[in-house]
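Each remark here refers to the structure printed beneath this line.
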Amino acid sequence: MQRRQLFAVALAGVLAGGGLAACGDSPNANKNAANGAKTDFLSIGMPNGTVTENNNPFVGTSAGASLGYKWMIYEPLGMWNNVKPSEPPAPWLASKITWSPDWKTVDLEIRTDATWSDGQKLTAEDVVFTHTMIKNNKALNTFAIPYDTITADGDKVKMTFKTSQFTTQHKVISQIPIVPKHIWEKISDPATDPIKEPVGSGPYTLKTFSQQGITLSVRESGYWQPAPAVKELRYTSYADNNAQTTALATGASEWSFVFIPSYEQTFISKDPANYKMWAPGVLGIHGLYINTTQKPFDDPKLRQAMNMVVNRADIFTQAEAGYFHPEIKSITGLPEGAGDAYIADEYKGKTFSVDVAGAKKLLTDSGYTLDGTTLKDKSGKPVTIKLSDPAPWSDYQTTLEIIKSNFAEIGIAATVEKPNQNVWDQNVQKGDFGAVVRWTNGGSTPFDIYQTVMDGDLYKPLGELAQQGNFGRFQSPEATAALKAYSGAADDAARATALATLQKIFVEQAPMLPIGADNVGGAYSTKNWVGWPSDADPYAPLQPTQAGALAVVLRLKPANS
C-alpha cells in the first residue's frame with residue numbers, strides 16, 4: 001500500500017496547472033447545495049501539484065494513484081480496514097476468502113454478479129490473469145509476493161505461495177486491483193501504459209481528464225452492489241497545502257488528506273457544524289531514509305550518531321502542528337499505542353532523547369574528528385549530506401530544516417533540495433538521493449515497517465526502481481532472514497524472536513531515523529454528504545487515496561435526504 005501523499009505550502013490559492021482560484025468560484029464548488037438544491041457530486045482534493053494523464057492502477061505515480069480515484073474504478077478481492085489492521089479483509093470481488101493454516105494457500109470464490117464497465121462479465125479467469133501478470137512482471141510485483149501457482153476452476157481461484165503470507169495477506173487480497181483480461185492481455189507493457197480509457201469493475205468510470213480536474217461518473221448499470229448516492233466524483237490536484245486548505249475552508253473541496261497547520265482556526269472554525277477532521281493511527285511510520293551506498297553514510301556508527309541528535313519533539317510541535325504525525329518515542333521506531341505490544345523486552349521503556357554530547361563521543365570514538373564546527377570523516381573529508389523532499393510538502397520541509405539544524409550540532413553540513421514530486425519519487429526509487437523524509441508501508445503487524453526499511457528482497461541496484469521499500473539500499477542478510485522468519489513463523493513465540501532481531505538491527509544500525517507515526521485520516525465536510533467514518537464508527541480509513549476510500553463513498557448519503 002502506498003502509505004500517503006504529504007502536502008503543503010507554496011502558492012496559496014492556485015490550482016496546479018490550471019491557475020484557478022481555490023475559492024467558491026471553483027468548478028467543483030457545490031453551488032446547487034448553496035441554493036438549496038440536491039447535491040449529486042462530491043469534490044475531492046489533494047495538494048499534489050501537477051499530475052499527468054495516467055490511469056494505470058499499478059503505477060504509484062499515476063494520477064489515479066496519487067489522487068486515489070483508481071480505487072473507484074478498479075476493485076480488490078477483499079476490503080481491508082487499516083484503521084482496524086488485525087481484522088481480516090471483508091469479502092469484495094471474492095465472496096469467500098479462505099487461507100490455509102500455514103498461510104501458503106488461499107482459496108477464493110469469485111462473485112458471479114460482477115461485470116466490467118464495458119458490460120463484459122468479471123470471472124475467475126480475470127483474477128488469475130491479474131495475479132499471473134503480476135507474478136511474471138517484476139515491475140508490477142511491487143510487494144515482492146512469492147507466487148507459486150495460480151489456477152481457476154469455475155468460479156473458484158486457488159493461489160499458492162512459496163512462503164507464508166501471514167504478514168502480506170492484506171496486500172494480496174486488498175491492495176491489488178483486479179483488471180479485465182480481455183483488455184489487459186493486449187497491452188504490451190502493463191507497467192508503463194497510461195491506460196487512457198480505464199475499464200474496471202468499480203461503480204465509477206472516467207468521464208473527463210484535464211489539469212483543472214478529473215471527473216468520474218457513476219455507472220448507469222451493471223455494478224454488483226447498490227449504486228452509490230454520489231453521482232459524480234470531481235477530483236482536483238491543488239498546488240500545495242495552502243491552496244488545498246483554502247479550498248476546504250471555502251467549500252470548494254469537500255474531502256482531502258492534507259496537513260493543515262492550526263487546523264481548528266484555519267479550517268474547523270470556518271463552519272464548525274460541518275467541517276470535521278478525523279486522524280486515526282495505523283502501524284506505519286515516517287522517518288529519514290539515509291542512502292547507505294554513499295560514504296561515509298554506509299557507516300552504522302555515523303547513522304547512529306545522527307539518530308541521537310534528531311529533535312523529534314520539535315518536529316512534532318513545529319512541523320506536524322502537534323497532531324498530524326505523533327512523535328515516535330520508542331527507539332524501536334514503533335508508534336505509541338499501536339506498536340506497544342510488539343516492543344521486545346530489551347527495548348521496553350527505552351525512548352529517544354537528544355544527546356549531542358553522546359553523539360560526539362560516539363563519533364570521535366569511531367574515528368571521526370570535529371574540526372571546530374565541521375565533522376570530518378575517517379579520511380579527513382568534511383561530512384555533508386543533501387536532504388530532499390518536494391517543495392509543497394510543508395511539514396516535511398519544516399522537518400528537514402529542523403534536522404539540518406540538528407545535524408549542524410555535530411558538524412554535519414546539510415543542504416535542503418526541493419524537487420517536484422515526480423522527480424523526487426523517481427530519485428528515491430532509483431537511490432539518487434542523500435537522505436529523504438518518507439513513509440513506510442503499514443500493515444496488521446510491525447512487519448511492514450521494518451520490511452520497507454530493511455528487506456534485502458526489495459533491494460535494487462542503484463538506478464533500478466525500488467518501488468516498495470529499501471530505498472536506502474540497506475544490506476543486512478540478518479535482517480532479511482529475520483523478516484522471513486517472522487512472516488513464516490508458526491507461532492507467536494517464533495515471531496517474537498524474529499521481531500527482537502529486527503529491532504536490534506534497526507536500533508544499532510539506524511538505516512532509517514524514525515520520526516513520526518502515520519495516520520489514514522482526512523478533513524471533510526458534512527454540509528452536503530453524511531455517513532463519514534469516525535471514532536464512533538471507524539468502518540474505513542478516511543484518506544481518499546486508500547483502497548478503503550471506496551467503502552466511504554458507498555456509505556455517503558445526501559445531507560438533505
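Numbering of residues begins at 1 and proceeds along the displayed sequence. On a predicted model such as this, the values are computed, not experimentally measured, just so you know.
Separating the OG1 atom in Thr398 from the CG atom in Asp389 is a distance of 11.0 Å, to the nearest 0.5 Å. Of the inter-residue distances, the one linking Ile173 atom CD1 with Lys171 atom NZ reads 13.5 Å to the nearest 0.5 angstrom. Taking CD1 from Ile44 and OG1 from Thr545, the interatomic distance works out to 11.0 Å, rounded to the nearest 0.5 Å. Taking CG from Asp425 and CZ from Arg438, the interatomic distance works out to 6.5 Å, rounded to the nearest 0.5 Å.
In plain terms, the two heavy atoms of Pro226 and Leu554 that are nearest each other are O-CD2, 4.4 Å.
Evaluated for a side chain to side chain contact (heavy atoms under 4.5 Å, CB included) with Leu122, the options Thr112, Asp113, Thr115, Ile110 yield exactly one hit, Ile110. When each of Trp71, Tyr69, Phe209 is tested with Tyr235 by the rule ring-ring contact (aromatic ring centres under 6.0 Å, His included), just one qualifies, namely Tyr69.
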One pair to check against side chain to side chain donor-acceptor pair (under 3.5 Å): Asn82 and Gln546. What are the steps and the verdict? CA-CA 9 Å; Asn82 41 355; Gln546 299 285 311; 2.8 Å; yes
Let's go through Tyr223 and Glu75 carefully: what are the C-alpha distance in whole Å and the side-chain angles of both, what is the deciding distance for side chain to side chain donor-acceptor pair (under 3.5 Å) to 0.1 Å, and is it a yes or a no? CA-CA 11 Å; Tyr223 187 53; Glu75 296 180 291; 2.6 Å; yes
Check the pair Asp271 / Asn274 against side chain to side chain donor-acceptor pair (under 3.5 Å), numbers first and verdict last. CA-CA 6 Å; Asp271 187 352; Asn274 292 301; 3.1 Å; yes
Trace of the side chain to side chain donor-acceptor pair (under 3.5 Å) decision for Thr399 with Arg312: CA-CA 9 Å; Thr399 295; Arg312 293 163 175 84; over 6 Å; no
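Scanning for side chain to side chain contact (heavy atoms under 4.5 Å, CB included) contacts around Thr167 gives Thr445, Phe447, Tyr486, Ser487, with sequence neighbours left out. Checked against ring-ring contact (aromatic ring centres under 6.0 Å, His included), Phe316 has no partners two or more places apart in sequence or in another chain.
Checking Glu87 against Asn81 by side-chain atom types alone, no donor-acceptor pair falls below 3.5 Å. Side chains of Ser269 and Glu264: a donor-acceptor N/O pair is absent below 3.5 angstrom, by distance only. A side-chain donor-acceptor contact under 3.5 Å links Gln165 and Thr168.
Residues Trp393 and Trp424 place their aromatic rings such that the two centres sit under 6.0 Å apart. Outside the 6.0 Å centre-distance limit, the rings of Tyr524 and Trp255 are not counted as a close aromatic pair.
The aromatic rings of Phe506 and Tyr450 sit perpendicular, their planes meeting at an angle over 60°, well past the 30° parallel limit. Note on ring orientation: taking the six-membered ring where Trp is involved, the planes of Trp103 and Phe166 are perpendicular (angle over 60°, cut-offs 30° and 60°).
Residues His170 and Asp448 have side chains in contact (heavy-atom distance under 4.5 Å, counting atoms from C-beta outward). Counting heavy atoms from C-beta on, the side chains of Val310 and Ile315 come closer than 4.5 Å. In this structure, the side chains of Ile331 and Thr351 stay at 4.5 Å or more apart for every pair of heavy atoms.
Taking the charged nitrogens against the carboxylate oxygens, Asp107 and Lys96 have no contact shorter than 4.0 Å, which rules out a salt bridge. Salt-bridge check for Asp537 with Arg555: passed, with a basic side-chain N closer than 4.0 Å to an acidic carboxylate O.
Cation-pi check for Arg111 over Trp224 is met; the charged atom lies under 6.0 angstrom from the ring centroid and within 45 degrees of its normal.
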